Amino acid sequence: MKILSVVGARPNFMKVAPLHRAFLARGLDSCIVHTGQHYDTRMSKVFFEQLELPVPDHYLGLGGGSHTQQTARIMLKFEEVLQQENPDMVLVVGDVNSTIACALVAVKMHYPVAHVEAGLRSGDRRMPEEINRILTDRISDYLFVTEHSGLVHLAREGVPEEKIFFTGNVMIDSLVYYRQKAAKTGILQEHRLEPGEYVLMTMHRPSNVDHMEGLQAIMEIVRRTARHKRVVFPMHPRTRNNLERFGLYTAFRQMDNLLLTEPLGYLEFLQLMQNAFAVITDSGGIQEETTFLKVPCFTFRESTERPITVELGTNMLLPDLNPDSVAEAFEALLQGKAKEGSIPPLWDGRAAERIAEILATESL
Ligand code: UD1
């Protein structure tokens, strides 16, 4: 059985790595296509190296452009790949543009489609990822779910039960697998950081960073947080480009007690996460990783498609980019009032094995 897995953007790599390993362990043929949605060394290549992924069988080189251009270009090229590879199954992960583009091509060419991380919904259709999630789930044949809310959404949307599998979280598989290795990276020593003495921050969501007010609010959040703890901010290219575009980059860089870095490798970022006093973010995946690690996480989003991280985990949503809200939440943390948190069901490092087992059985 040949499974063709698609990766495109940074959050895809750590999800496909454990799946690729699990497929090979079961004797399945695993082929990887990289659309090139993310193309910089720091956003892509370093992840392949650190996660021990093979050089992709196909690299499409289709980064940049508007959503429409990106999606359309990926579709055109992916059609050729499918004609050439003729796999038994196409597997897509997450919710990026590459996910929906390749799922749509595959289903129209009558290939079975598996979607890993199915059923997540933020309820906010202004988020490009929400559209990608809804459409990908609608056309997939196998829906692998990470948390209970996913089961509820898929049932509500009328997806037949036999297509849905609650298998856990493959991103946590990578975290469990690489945690020890991450501890050996030396990133803390390199920047003279003490465990528990810094706050790790990332921001890249268009709704936060594509406009002047958002960027100014982020600066104020950094400024206030840095009064208490050093702020470490590995910066996504989108955020950096926007800061430059609005003429704020130099002022941003010069803020006190801030360590601004390029996007970091998987292992370095994991090491920073597991030793942070707290994390401030607007990312999807980091909400889950901090929940597993039991590190307090403040997420600047109106809604989350990963509600288990709030219900069970250490995540807290801060609905608008209001510097006061994080200052308040931070004050509570400093007084030792951190949310306890527990690890969600099946986030145990074995989700990819479960998925491989299901797909291998299906092929018999
Ligand atoms: C994408 C995903 C988002 C995910 C994020 C993680 C979609 C709709 N969004 O958003 O869900 O959380 O990736 O990073 O798929 N750029 C570079 N180098 C790169 C990649 C991007 O410079 O290697 C710059 C380009 O200017 C590009 C911009 O960043 O136009 C945005 O990249 P894009 O892939 O369109 O979306 P992200 O904001 O990264």
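All of these numbers come straight from a predicted model, not from anything done at the bench. All ligand and atom numbering here is 1-based and tracks the order in the structure.
Under a cutoff of 6.0 Å and an axis angle of 45°, R21 and Y177 form a cation-pi pair.
At distances below 3.5 Å, not a single donor-acceptor pair connects side-chain atoms of H115 with backbone N or O atoms of R133. Proximity of a side-chain donor or acceptor of E147 to a complementary backbone N or O of I308 within less than 3.5 Å is detected. Distance alone, capped at 3.5 Å, is enough to place a donor-acceptor pair between the H153 side chain and the G119 backbone. The main-chain N or O of M1 is never found under 3.5 Å from a side-chain atom of D29 such that the two would form a donor-acceptor pair.
Shown here is Q83, whose CD atom has more than 12 heavy atoms of other residues, nucleotides or ligands within 6.0 Å.
Residue N241 has at least one heavy-atom neighbour below 4.0 Å for each of these atoms of ligand 1: 26 (O). Within ligand 1, the atoms closer than 4.0 Å to a non-hydrogen atom of R205 are 12 (O), numbered from 1 in the order shown. When each atom of ligand 1 is checked for a heavy atom of M43 under 4.0 Å away, the hits are 14 (O), 19 (C), 23 (O). Each of the atoms 16 (N), 17 (C), 18 (N), 22 (O), 24 (C) of ligand 1 lies under 4.0 Å from some heavy atom of P237.
Across the listed options H204, R240, H67, R10, H204 owns the non-hydrogen atom lying nearest to atom 4 (C) of ligand 1. Of the candidates Q70, E129, M127, R238, it is E129 that places a heavy atom closest to atom 9 (N) of ligand 1.
The aromatic rings of F165 and Y142 sit parallel, their planes meeting at an angle under 30°, below the 60° perpendicular limit. Aromatic ring pairs are classed by plane angle as parallel below 30°, tilted from 30° to 60° and perpendicular above 60°; the pair F233 and F252 is perpendicular. Taking the six-membered ring for Trp and thresholds of 30 and 60 degrees, Y266 and Y178 have ring planes more than 60 degrees apart, a perpendicular arrangement.
The nearest heavy-atom contact from the protein to atom 25 (C) of ligand 1 is Y39 OH, 3.6 Å. Looking only at heavy atoms of the protein, atom 30 (O) of ligand 1 is closest to G64 CA, 4.4 Å. Atom 18 (N) of ligand 1 has as its closest protein heavy atom D40 OD2, 2.9 Å. For atom 8 (C) of ligand 1, the closest non-hydrogen atom on the protein side is N97 OD1, 3.3 Å. Closest protein heavy atom to atom 2 (C) of ligand 1: V96 CG1, 3.7 Å.
Using a 4.0 Å threshold on non-hydrogen atoms, atom 27 (C) of ligand 1 does not count as touching the protein.
Looking at Q37 next to ligand 1, an N or O pair under 3.5 Å apart turns up.
Looking at H38 against ligand 1, both its backbone and its side chain come within 4.0 Å, counting heavy atoms.
Two residues are said to be in side-chain contact when any heavy atoms from C-beta on lie closer than 4.5 Å; S207 and R126 fail this criterion.
At least one heavy atom of P11 sits less than 4.0 Å from an atom of ligand 1.
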